[in-house]
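Read through the structure below, which is laid out as structure tokens, and then see the notes.
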Amino acid sequence: MIDDSRPIYLQIAALIENDIVDGALAEETQVPSTNEFAAFHRINPATAAKGVNLLVDDGILYKRRGIGMFVATGARRVLVARRTEEFYEQYVRPLAAEAQKLGIPAVELSQMIIRGANAAQEGNQERSAAL
């Protein structure tokens with residue numbers, strides 16, 4: 001949950017984003033209040049509000065006066081697109097650059113990625129079956 005690796009308000013925003021991407025918070029549903037976040041995570045309500053307001057500024061959440069914060073229509077699509085681009089920049093570009101240094105052709109790299117994806121899927125299936 002909350003750790004010392006980065007500012008708490010950014011972690012609150014990330015928790016909400018994760019819930020939206022995972023489908024735990026659907027579009028047009030109400031988000032827990034800043035006081036609920038603060039009590040649950042034992043943080044200052046102003047810190048929780050700062051994290052929520054980041055998402056309001058990004059158009060991911062919106063406020064209904066007197067009711068609370070809600071997930072905006074299209075929020076999941078926006079977050080998935082943003083994270084897909086971040087994934088590309090953080091993982092795919094460096095991976096491709098390293099493959100080029102090692103002389104791994106694109107076709108072989110693609111096969112390696114497919115093999116890794118299949119292994120991850122099998123691991124997920126095994127964990128699900130164990131539950």
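Every heavy atom of this structure was used, including side-chain atoms; hydrogens, water molecules and symmetry mates were not. Here, residue 1 is the first one in the sequence, and each next residue gets the next number.
The OG1 atom of Thr29 lies 13.5 Å from the CE atom of Met69; values are rounded to the nearest 0.5 Å. The CD atom of Glu98 lies 10.5 Å from the CD atom of Gln100; values are rounded to the nearest 0.5 Å. Interatomic distance, OG1 of Thr47 versus CG of Leu10, reported as 11.0 Å (0.5 Å rounding). Taking CD1 of Ile67 as the start and CD of Gln30 as the end, the distance is 7.5 Å to the nearest 0.5 Å. The line from CD of Glu85 to CD of Gln90 is 11.5 Å long, rounded to the nearest 0.5 Å.
With hydrophobic clusters built from ILVMFWY side chains whose heavy atoms lie under 4.5 angstrom apart, Ile8 shares a cluster with Val56. The hydrophobic clustering, which links ILVMFWY residues whose side-chain heavy atoms are closer than 4.5 Å, places Leu25 and Ile60 together. Under the 4.5 Å side-chain contact rule for hydrophobic residues, Leu61 and Leu54 do not share a cluster. When hydrophobic clusters are built by joining Ile, Leu, Val, Met, Phe, Trp and Tyr residues whose side-chain heavy atoms come closer than 4.5 Å, directly or via intermediates, Phe40 is not grouped with Tyr9. Hydrophobic clustering, with ILVMFWY side chains joined whenever heavy atoms are under 4.5 angstrom apart, groups Leu55 together with Val78.
Shortest non-hydrogen contact noted between Ala72 and Gly59 is CB-O, 3.3 Å. Here the shortest heavy-atom pairing between Pro94 and Glu89 reads CD-O, 3.4 Å. Taking all atoms of both residues into account, the shortest heavy-atom contact from Ile43 to Phe37 is CG1-O, 4.2 Å. When all heavy atoms of Ile12 and Ala48 are compared, the pair lying nearest together is CG2-O, 4.1 Å. What you find for Glu28 and Phe70 is that their closest heavy atoms are O-CD2, 3.6 Å.
Counting non-hydrogen atoms of neighbouring residues, nucleotides and ligands closer than 6.0 angstrom, the CZ atom of Arg42 reaches no more than 12 such neighbours. Summarising the local packing, CZ of Arg83 is surrounded by more than 12 heavy atoms from other residues, nucleotides or ligands at distances under 6.0 Å.
In this structure, Glu122 contributes its side chain and Ala119 its backbone to no donor-acceptor pair below 3.5 Å. Asn44 places a side-chain N or O within donor-acceptor distance of the main-chain N or O of Ala46, the cut-off being under 3.5 Å. Distance alone, capped at 3.5 Å, is enough to place a donor-acceptor pair between the Glu27 side chain and the Gly74 backbone.
Between Glu17 and Arg76 there is no salt bridge, since no side-chain nitrogen of the basic residue lies less than 4.0 Å from a carboxylate oxygen of the acidic one.
Qualifying side chain to side chain contact (heavy atoms under 4.5 Å, CB included) partners for Leu95, counting only residues two or more places apart in sequence or in other chains: Leu109, Ile113. A search for side-chain hydrogen bond (donor to acceptor under 3.5 Å, both in side chains) contacts involving Tyr88 returns nothing, not counting sequence neighbours.
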Handout entry: Check against salt bridge (charged side-chain N to carboxylate O under 4.0 Å, His left out), Glu108 and Arg115
Key = CA-CA 10 Å; Glu108 187 177 340; Arg115 191 173 79 215; over 6 Å; no

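Screening residues 90-120 for ring-ring contact (aromatic ring centres under 6.0 Å, His included), with sequence neighbours left out, gives Phe87-Tyr91.
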